[in-house]
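Report on the structure given below.
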Protein chains: 2
Amino acid sequence: MNISAASKAAGLPVKTVRYYADIGLVEAPSRSEAGYRTYDDVAVRKLVFVRRSRAFGFSIEGCRELLNLYQDQDRSSSEVKRIASMRLEEIEEKQRELQSLHDELAHLVTSCRGDHMPDCPIIDYLG
Amino acid sequence: MNISAASKAAGLPVKTVRYYADIGLVEAPSRSEAGYRTYDDVAVRKLVFVRRSRAFGFSIEGCRELLNLYQDQDRSSSEVKRIASMRLEEIEEKQRELQSLHDELAHLVTSCRGDHMPDCPIIDYLG
DNA sequence: CCTTGACCTTCTAGTTACTGGAGAGATTAA
DNA sequence: TTAATCTCTCCAGTAACTAGAAGGTCAAGG
């Protein structure tokens with residue numbers, strides 16, 4: 001499989017597939033005689049794993065940790081759970097921040113008449 | 001006022017204060033004979049405005065827009081309201097995304113026993 | 001007067017996670 | 001054979017700063 005086929009199979013852009021090998025997140029693939037990268041199903045499965053992990057908001061370093069556990073037959077599920085729980089807490093923190101941000105801004109928006117007078121509570125608040 | 005005083009007054013790191021002038025977000029301050037940047041209250045007020053806008057999640061470009069409106073005596077409050085409302089919608093979209101992310105991950109975490117067996121539903125799902 | 005330490009300057013480079021493009025070689029289909 | 005499509009590497013850019021180096025300035029204490 002050449003890189004574009006692997007990229008389609010994994011659901012990642014070609015550039016990203018190369019990038020993940022460049023930074024050592026996944027193994028560097030073997031090359032054809034002409035120097036083309038060649039991928040097999042195992043490589044694609046790992047790329048899919050990374051894509052899903054990223055979609056969960058894990059950082060590259062987080063993915064690296066998870067990937068090691070994924071590849072480790074002797075892993076304990078408690079370690080995986082610990083990492084996922086940390087990420088869950090980060091998400092919850094972000095949610096709280098976003099909520100207070102939302103409430104404050106919504107308050108300002110509703111208190112602004114939105115007509116053509118230069119008077120504006122949003123600007124007043126920010127300034 | 002030298003840069004560190006202005007930085008404290010505005011609630012921004014010194015580096016950031018310099019940076020905002022470098023990219024032309026705020027005016028370049030005048031300089032003392034020795035080349036030190038000197039700030040007045042007006043400059044500080046604009047820095048505070050930027051800090052607050054950033055805290056609301058506006059991008060630098062968004063801040064630039066708002067700052068122009070802030071400095072424009074003839075601004076219409078409808079324009080300000082429009083920009084703030086757009087930002088509010090973005091926040092709400094982000095909240096929805098984060099919520100489904102949270103639910104999915106929370107489901108996986110609770111379904112994982114977290115013991116010392118290599119069996120793990122989180123890994124199974126990702127891989 | 002001199003030194004010490006805090007403060008200021010510019011410049012470069014690093015961060016995160018890619019993305020875009022140039023220039024050149026390889027492969028495939030017509 | 002030629003044109004289109006891949007693929008390669010390398011360089012640069014994105015957002016919004018942050019860190020650190022090398023060096024100039026200023027005020028206070030001895």
Side-chain angles (χ1 to χ4, degrees), chain A residues 1-40 43-44 46-67 86-87 90-91 94 97 101, chain B residues 1-26 28-40 43-44 46-67 87 90-91 94 97 101:
Chain A
M1 220 187 314
N2 279 350
I3 198 168
S4 66
S7 134
K8 263 165 212 144
L12 286 169
V14 168
K15 288 262 187 188
T16 305
V17 173
R18 278 198 207 100
Y19 174 72
Y20 285 164
D22 284 353
I23 60 170
L25 179 58
V26 298
E27 271 173 49
S30 55
R31 302 291 182 115
S32 74
E33 243 175 81
Y36 285 18
R37 291 167 177 83
T38 50
Y39 296 84
D40 57 15
V44 168
K46 287 182 192 172
L47 288 169
V48 169
F49 182 92
V50 172
R51 175 172 58 75
R52 296 222 180 115
S53 306
R54 292 283 301 131
F56 269 117
F58 287 98
S59 68
I60 295 289
E61 287 318 303
C63 289
R64 216 185 283 272
E65 266 187 291
L66 284 173
L67 205 50
M86 273 176 50
R87 177 69 199 135
E90 284 166 29
I91 290 174
K94 193 81 197 163
E97 274 173 36
L101 207 61
Chain B
M1 219 190 309
N2 279 349
I3 197 167
S4 66
S7 132
K8 263 165 213 143
L12 286 170
V14 169
K15 289 260 188 192
T16 305
V17 173
R18 277 198 207 100
Y19 174 71
Y20 284 164
D22 284 353
I23 61 170
L25 179 58
V26 298
S30 55
R31 301 293 183 112
S32 73
E33 245 174 83
Y36 286 18
R37 291 168 178 81
T38 51
Y39 295 84
D40 57 14
V44 168
K46 286 181 192 173
L47 287 169
V48 169
F49 182 91
V50 172
R51 175 173 56 76
R52 295 224 182 112
S53 305
R54 293 281 303 131
F56 270 117
F58 285 97
S59 68
I60 294 288
E61 288 316 305
C63 288
R64 217 185 282 270
E65 261 189 293
L66 284 173
L67 206 50
R87 178 69 201 135
E90 285 166 28
I91 290 173
K94 192 79 198 163
E97 276 172 35
L101 207 61

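Lettering of chains follows the sequences in order, A, B, ..., and the numbering in each one begins at 1. Note that the structure is a prediction, hence the values are computed from the model and not measured.
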Classify the nucleic acid contact of [X] as base, sugar-phosphate or nothing, counting any heavy atom under 4.0 Å across all strands shown.
X: Tyr20(B); answer: sugar-phosphate
X: Ser32(B); answer: nothing
X: Arg18(A); answer: base
X: Arg54(B); answer: sugar-phosphate

Report task. Report yes if the side chains of Tyr20(B) and Ile60(B) come closer than 4.5 Å at any heavy-atom pair, otherwise no. Result -> yes
Report summary line: Residues Arg87(B) and Phe56(B): closest non-hydrogen pair is NE-O, 3.3 Å
Requested in this report: Please report the shortest heavy-atom distance between Lys46(A) and Leu67(A), naming the atom on each side.
Outcome: O-CD1, 4.3 Å
Query raised in the report: Should we say atom CD of Glu90(B) is surrounded by more than 12 heavy atoms from elsewhere, each under 6.0 Å from it?
Result: yes
When the distance from [atom1] of [X] to [atom2] of [N] is rounded to whole Å, what number comes out?
X: Tyr36(B); N: dT25(D); atom1: OH; atom2: C1'; value: 4 Å
X: Ile23(B); N: dA15(D); atom1: CD1; atom2: P; value: 10 Å
X: Lys15(B); N: dA16(D); atom1: NZ; atom2: C1'; value: 14 Å
X: Asn2(B); N: dT25(D); atom1: CG; atom2: C1'; value: 10 Å
X: Glu33(B); N: dG24(D); atom1: CD; atom2: P; value: 18 Å

**Report entry** Which residues share a side-chain hydrogen bond (donor to acceptor under 3.5 Å, both in side chains) with Ser59(A), sequence neighbours left out
**Finding:** none
Query raised in the report: Within less than 4.0 Å of OP1 or OP2 of dT7(D), is there a side-chain N or O belonging to Ser4(A)?
Result: yes
Report task. Report yes if at least one side-chain N or O of Arg31(A) is closer than 4.0 Å to OP1 or OP2 of dT9(D); otherwise report no. Result -> yes
**Report entry** Opening and closing nucleotides of DNA chain C in contact with chain A, under 4.0 Å to non-hydrogen atoms
**Finding:** dA17(C) to dT27(C)
**Report entry** Short side-chain donor-acceptor distance under 3.5 Å, Thr38(B) and Ser30(B)
**Finding:** yes
Query raised in the report: Among Ile23(B), Ile3(B), Leu12(B), which residue meets the side chain to side chain contact (heavy atoms under 4.5 Å, CB included) test with Arg18(B)?
Result: Ile3(B)
